[in-house]
Amino acid sequence: MTSKPNTECYVYIMLPGETESVTAGRFELTKDRRGDAVGRFVYGKSYLARANAVAIDPIELKLSGNTYETTRLHGLFGALRDAGPDHWGRRVIEKHAGVVQLGELDYLLNSADDRAGALGFGLGQTPPAPRRKFNKTLELAKLQEIAEALMRQEDLKTEEAAQVQDLMLLGTSMGGARPKAVVEDDEGLWVAKFNRPNDPWNNTRVERAMLELAKSCGVSVATSRIETVADKDVLLVKRFDREKTGKGYTKSRMISGLTLLHADEAVGARDRWSYVLMSEELRRVARDPKKDAPELFRRMAFNALISNIDDHPRNHALIAKEREWKLSPAYDLTPAPQIAQDRRDLAMAVGDQGRFANAKNVLSQHTRFLLEEAQAKAIVFDMADKVRATWYEVVRGQGVTEKDAETIKSAFVYEGFLRE
Ligand SMILES: Nc1ncnc2c1ncn2[C@@H]1O[C@H](COP(=O)(O)OP(=O)(O)O)[C@@H](O)[C@H]1O
Ligand SMILES: [Mg+2]
């Protein structure tokens, strides 16, 4: 890698139904007179001339000949930031490059071609051929070993070429903080999520159980399964932004809830983190708001019922397989056992009383989720009954130990949820 950070790149996109990318436009990262980062994006003329051209993002980068400019997010547009790695992938790239501070563009340019969504980045005017080879599920044991070495960091000798190559095998571009890799089997591509040595319970089995529990509560969730390699459990979540075809993979565009909300992650910039606002924004861009807004309501209620306080906007996404956008299946559902019985707060506001994970609060803005009061109440109270009555058998059915079930018990339908 060169020592000077890159300041320009081409943005590629895989159009709906296609299995090869085309160049969508050009992105430039500069500084203004005060030294603050400014990002500029412009769609290419030949891209705009395509009958099947689609917008990279339905909010900030609508299809037009305009030059778009942003000073938010270190000059990155939300949709570009969403395509980049986050804590885990950044660590892989830094370790690989032997550098700790890279420019924002370097992370995009150095991440593998398995990032979420349909975008790609490069220095060439034409996109490289799509990646055809992926790690196989059969290689999970090796991938897990590499991920564990990176978690132990000190054991990892990046000067050894073989290990540097190994690191890149992990694939680096999916977001999130947990160790992960992308793997392929006959059905398609999966996000493989590994346990961490210091996890207080078997996260893999608990997360899989939460996806199943959510499904039984009528939430639309990502397909998942568990693979056990070398005595360790790995959660495989089917990628909902990829579809296997005879010619290769198609890619759906994807933006995070953060981008949908025009929000960012900085502490102090979280006033827009809200399910209510998210529903409003979703209704503006979704093909079928009558389906998606109530679905978001269900997820909010479910998160409150399992004390999933990690329900931040990057754990929600919109996808577009064709031209139009919809809410993605739910993913990354984790219970957080707590002692407090009076009040628990989600990461995003749910109603009139802010982030308070409480039935009355969840119900307070039901109209903004396109639900009548009676419908909203039925969803919330039926779900509360279901979670209370079945969480234990669902987690045990997924192989969660009695001890772990006991540890997470206090996460489910805590007292304050039903308090008036
Ligand atoms: N099944 C999936 N298909 C496509 N993208 C996914 C899928 N699951 C997660 N992602 C993307 O990967 C990111 C990280 O996954 P997540 O499960 O949230 O991991 P973490 O527990 O590390 O936060 C998500 O924010 C989302 O952008
Ligand atoms: Mg996450």
Side-chain angles (χ1 to χ4, degrees), residues 85-92 95 111-112 114-116 131 133-153 155-156 163 165-215 221-242 244 249 306 308 310 314-315 328-335 394-401 403-405 407-408:
D86 162 33
H87 308 287
W88 169 255
R90 282 175 180 242
R91 212 158 130 214
V92 176
K95 210 59 191 165
S111 46
D114 57 7
R115 61 176 66 75
R131 183 166 155 191
K133 272 188 65 148
F134 291 93
N135 295 305
K136 301 293 175 201
T137 40
L138 287 173
E139 289 153 333
L140 272 172
K142 173 163 191 202
L143 296 172
Q144 175 157 279
E145 238 172 71
I146 302 168
E148 282 180 359
L150 182 59
M151 284 184 268
R152 289 192 306 269
Q153 207 145 36
D155 296 358
L156 203 72
Q163 290 205 343
Q165 283 316 98
D166 276 358
L167 261 184
M168 293 322 272
L169 273 181
L170 285 176
T172 53
S173 353
M174 301 300 287
R178 293 196 65 84
K180 58 178 75 61
V182 173
V183 291
E184 184 183 45
D185 68 5
D186 291 344
E187 285 178 54
L189 289 176
W190 303 76
V191 183
K193 295 180 77 174
F194 303 108
N195 275 328
R196 281 186 297 225
N198 56 351
D199 282 336
W201 55 81
N202 186 331
N203 197 83
T204 295
R205 290 196 179 264
V206 169
E207 189 171 334
R208 157 86 179 146
M210 291 307 101
L211 290 168
E212 290 297 294
L213 185 62
K215 190 157 101 185
V221 298
T223 304
S224 66
R225 69 166 200 263
I226 288 178
E227 289 245 343
T228 304
V229 289
D231 275 346
K232 289 176 184 156
D233 298 321
V234 184
L235 175 65
L236 297 188
V237 189
K238 185 92 191 288
R239 286 193 59 171
F240 44 68
D241 60 338
R242 294 287 184 276
K244 199 172 174 173
Y249 285 96
I306 69 159
N308 177 14
D310 191 37
R314 285 195 95 168
N315 280 334
S328 79
Y331 56 90
D332 203 6
L333 305 175
T334 35
V394 173
V395 301
R396 295 286 285 140
Q398 289 303 325
V400 173
T401 60
K403 181 168 163 280
D404 282 357
T407 309
I408 61 174

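Everything numeric here is computed off the predicted structure, so don't read it as measured data.
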Undergrad: Can you see which heavy atom on T334 is nearest to which on N203, and at what distance?
TA: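 Distance-wise, the nearest heavy atoms are CG2-OD1, 4.1 Å.
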
Undergrad: Tell me whether D199 contacts the main-chain N or O of W201 through its side chain, where contact means a donor paired with an acceptor under 3.5 Å.
TA: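 No: the side chain of D199 does not pair with the backbone of W201.
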
Undergrad: Could you measure the distance from the CG atom of L143 to the CG atom of N135? Nearest 0.5 Å is fine.
TA: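 Nearest 0.5 Å value for the CG-CG distance: 4.5 Å.
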
Undergrad: Counting distance only, does the side-chain N/O of R205 pair as donor-acceptor with the main-chain N or O of V400 below 3.5 Å?
TA: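 Not at all, since once roles are kept as given, no pair shorter than 3.5 Å links the two residues.
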
Undergrad: Quick one: CD1 on I226 to CG on L235, what's the gap to the nearest 0.5 Å?
TA: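 Rounded to the nearest 0.5 Å, the CD1-CG separation comes out at 6.0 Å.
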
Undergrad: Would you give the length of the straight line joining atom OG1 of T204 to atom CG of L236, rounded to the nearest 0.5 angstrom?
TA: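 It comes to 9.5 Å.
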
Undergrad: State, yes or no, whether a side-chain contact exists between E187 and K244 at a heavy-atom distance under 4.5 Å.
TA: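 No; the side chains remain at least 4.5 Å from each other.
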
Undergrad: What's the shortest heavy-atom distance between A222 and K238, and which atoms?
TA: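 Looks like CB-O, 4.4 Å.
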
Undergrad: Under 3.5 Å, is there a donor-acceptor pair between the side chain of K180 and the main chain of R178?
TA: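 A pair under 3.5 Å: yes.
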
Undergrad: Looking at every non-hydrogen atom in both residues, tell me the closest pair between T228 and D233 and how far apart they are.
TA: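 Minimum heavy-atom contact is OG1-OD1, 2.8 Å.
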
Undergrad: Determine, stepwise, if the pair R314 / D332 fulfils salt bridge (Lys or Arg N to Asp or Glu O under 4.0 Å).
TA: CA-CA 10 Å; R314 285 195 95 168; D332 203 6; over 6 Å; no

Undergrad: I'd like to know if the side chain of E139 reaches the main chain of K136, judged simply by a donor and an acceptor atom lying under 3.5 Å from each other, with no hydrogens or angles considered.
TA: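 Flag set: sc E139 to bb K136 pair under 3.5 Å.
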
Undergrad: Under 4.5 Å between any side-chain heavy atoms of R225 and W190, yes or no?
TA: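 Yes, their side chains come closer than 4.5 Å.
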
Undergrad: Give a yes or no on this: more than 12 heavy atoms of other residues, nucleotides or ligands lie within 6.0 Å of atom CG of D231.
TA: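 12 or below, so no.
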
Undergrad: Taking all non-hydrogen atoms of both residues, which atom of V221 and which atom of A214 are closest, and how far apart?
TA: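 What the structure gives for the nearest pair is CG1-CB, 3.7 Å.
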
Undergrad: Kindly determine whether L189 and D114 satisfy side-chain contact (heavy atoms from CB on, under 4.5 Å), including the steps that lead there.
TA: CA-CA 9 Å; L189 289 176; D114 57 7; over 6 Å; no

Undergrad: Could you measure the distance from the CZ atom of F240 to the OG1 atom of T223? Nearest 0.5 Å is fine.
TA: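 These two atoms lie 10.0 Å from each other.
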
Undergrad: Where does the angle between the aromatic ring planes of Y249 and F134 fall among parallel (under 30°), tilted (30 to 60°) and perpendicular (over 60°)?
TA: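 Rings of Y249 and F134: perpendicular, over 60°.
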
Undergrad: Is the number of heavy atoms from other residues, nucleotides or ligands within 6.0 Å of NZ (K215) greater than 12?
TA: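 No, the 6.0 Å shell around NZ holds no more than 12 heavy atoms from other groups.
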
Undergrad: For a quick test of reading the model, state the closest non-hydrogen atom pair linking R115 to R239 and the distance between them.
TA: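 In terms of heavy atoms, the two residues are closest at O-NH2, 3.0 Å.
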
Undergrad: Roughly how far, to the nearest 0.5 Å, is CD of Q398 from CD of E212?
TA: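 Separation between the atoms: 5.0 Å.
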
Undergrad: Would you give the length of the straight line joining atom CD of E207 to atom OH of Y331, rounded to the nearest 0.5 angstrom?
TA: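 Nearest 0.5 Å value for the CD-OH distance: 11.5 Å.
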
Undergrad: Kindly indicate whether the side chain of M210, heavy atoms from C-beta on, has any atom under 4.5 Å from the side chain of V395.
TA: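 They are in side-chain contact.
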
Undergrad: Working note: N195 + N202, criterion side-chain contact (heavy atoms from CB on, under 4.5 Å); need CA distance, chi angles, decisive distance, verdict.
TA: CA-CA 7 Å; N195 275 328; N202 186 331; 3.0 Å; yes

Undergrad: If you look at every heavy atom in S224 and L211, which pair is closest and at what distance?
TA: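 Distance-wise, the nearest heavy atoms are OG-CD1, 3.6 Å.
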
